[in-house]
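Take a look at the structure below.
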Amino acid sequence: MLMNEKNLNIKNTENKFVDLYKMVQERESFLNNDAKILQYGVVLEYFYKFLDKGGRLSDNVLAVLFWCYIKIGDVFYDEGVYKQDNNKFFMAVDYYNQALKYAKSNEEKNRILLMLREVYSYLNDKDAMLKIEENWVENQDTRDRFSAYMSLASSTDNLKDKAMLLEKALNEVTKQEMSFYNKYQDTLNVCSQLIALYELLNEESKLQRIKTLQKNTLNLLN
């Protein structure tokens, strides 16, 4: 009986947690930014009380945590854009990274990764942007990763980064479910680009490795 009562109390606390979030969400359009941060922050504080009472991370709880951190992150992002305030962008990054911990689907992860990319774009942090873009590609379905890496490589000016992305695209070719001829063409396409890059970068060992791969690939149709 005591165990049933404890479980019932936990369930009631979980319901209150979800209801509290819904209440703030319904009022959101009437709240200014400070009030949004404050009230969604109250929901997060209630979560820690929920954990202290033995609460578990159910799907409902995870969804509330995800959206609370997103909502606060969005406020800081909007203020960073409006005020051109890097400190606001840094706060947005903190909250988006917290939201990432509670994302359950690829769609939710992609939503956060794209926002983080926007933040790092405003901060002109190209290294951080590249890492986020790589995480975004890895979060795609296997069939989409080759095209995603190729797209990133084409939009990157840094030669070493471009070569790194093309190497990753090359690794994805063999994983693709496509015809032999398409794999053959994709491999030769990437090889030709990498050869040009490694010649510019004076990367002799990498250049020879790719030339060998190109030659072996051409021989497949002979």
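Residue Ile72 comes nearest to Gly41 through the heavy atom pair CD1-N, 4.0 Å, listed as atom of the first residue, atom of the second, then distance.
Between the side chain of Arg145 and the backbone N or O of Glu138 there is at least one donor-acceptor pair closer than 3.5 Å. Put simply, the side chain of Gln25 never gets that close to the backbone of Tyr21: no donor and acceptor are under 3.5 Å apart. For the pair Lys162 (side chain) and Ala153 (backbone), a donor-acceptor distance under 3.5 Å is present. For Thr156 (side chain) and Leu152 (main-chain N/O), a donor-acceptor pair under 3.5 Å exists by modelled atom type. In this structure, the side chain of Asn97 engages the main chain of Val93 through a donor-acceptor pair within 3.5 Å. Judged by distance alone, the side chain of Ser151 and the main-chain N or O of Ser147 form no donor-acceptor pair under 3.5 Å. Panel note: side chain Glu28, backbone Val24; no donor-acceptor pair is recorded below 3.5 Å. For the pair Asp141 (side chain) and Asp144 (backbone), a donor-acceptor distance under 3.5 Å is absent. Here the side chain of Asn139 pairs a donor or acceptor atom with the backbone of Asn106 at under 3.5 angstrom.
Contact check for Trp136 versus Arg117: no side-chain heavy atoms found under the 4.5 Å cut-off. Put simply, the side chain of Leu44 does not reach to within 4.5 Å of the side chain of Tyr40, judged on heavy atoms. Counting only heavy atoms from C-beta outward, the side chains of Lys88 and Asp78 never approach each other to under 4.5 Å. Two residues are said to be in side-chain contact when any heavy atoms from C-beta on lie closer than 4.5 Å; Asp85 and Glu79 fail this criterion. Looking only at side-chain heavy atoms (C-beta outward), Val81 and Phe89 come within less than 4.5 Å of each other.
Note on Lys206 versus Glu167: no salt bridge recorded, every NZ/NE/NH1/NH2 to OD/OE distance being 4.0 Å or above. A salt bridge between Asp186 and Lys175 is absent, with no side-chain N of the basic residue lying under 4.0 Å from a carboxylate O of the acidic one. Salt bridge Glu133/Lys126: absent, no basic N to carboxylate O contact under 4.0 Å.
To the nearest 0.5 Å, atom OH of residue Tyr149 and atom CG of residue Asn171 are 8.5 Å apart. Distance NZ/Lys215 to CG/Leu220: 13.0 Å, rounded to 0.5 Å. With rounding to the nearest 0.5 Å, the separation of CG in Asn33 from CG in Leu38 is 12.5 Å. With values rounded to the nearest 0.5 angstrom, Leu100 atom CG is found 7.5 Å from Lys109 atom NZ. In this structure, Cys191 SG and Arg209 CZ are separated by 9.0 Å, a value rounded to the nearest 0.5 Å.
The local environment of CD in Gln84 is crowded, with over 12 non-hydrogen atoms from other residues, nucleotides or ligands closer than 6.0 Å. At most 12 non-hydrogen atoms from other residues, nucleotides or ligands lie less than 6.0 angstrom from NZ of Lys131. Heavy atoms from other residues, nucleotides or ligands lying under 6.0 Å from OH of Tyr181 number 12 at most. Counting heavy-atom neighbours within 6.0 Å of Asn202 CG, excluding the residue itself, gives a total of 12 or less.
Two different hydrophobic clusters hold Leu188 and Ile195 under the rule that ILVMFWY side chains link at heavy-atom gaps under 4.5 Å. Note on Leu194 and Met164: separate hydrophobic clusters, where clusters join Ile, Leu, Val, Met, Phe, Trp and Tyr whose side-chain heavy atoms are under 4.5 Å apart, directly or indirectly. In the hydrophobic clustering of ILVMFWY residues, with side-chain heavy atoms under 4.5 Å counting as a link, Met150 and Leu130 come out apart.
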Notebook entry, point to check: Given Asn189 and Gln193, is the side chain to side chain donor-acceptor pair (under 3.5 Å) satisfied, shown in steps?
Noted result: CA-CA 7 Å; Asn189 177 27; Gln193 292 187 55; 3.2 Å; yes
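Between Asp74 and the options Tyr69, Tyr96, Tyr95, a side-chain hydrogen bond (donor to acceptor under 3.5 Å, both in side chains) holds for only Tyr96.
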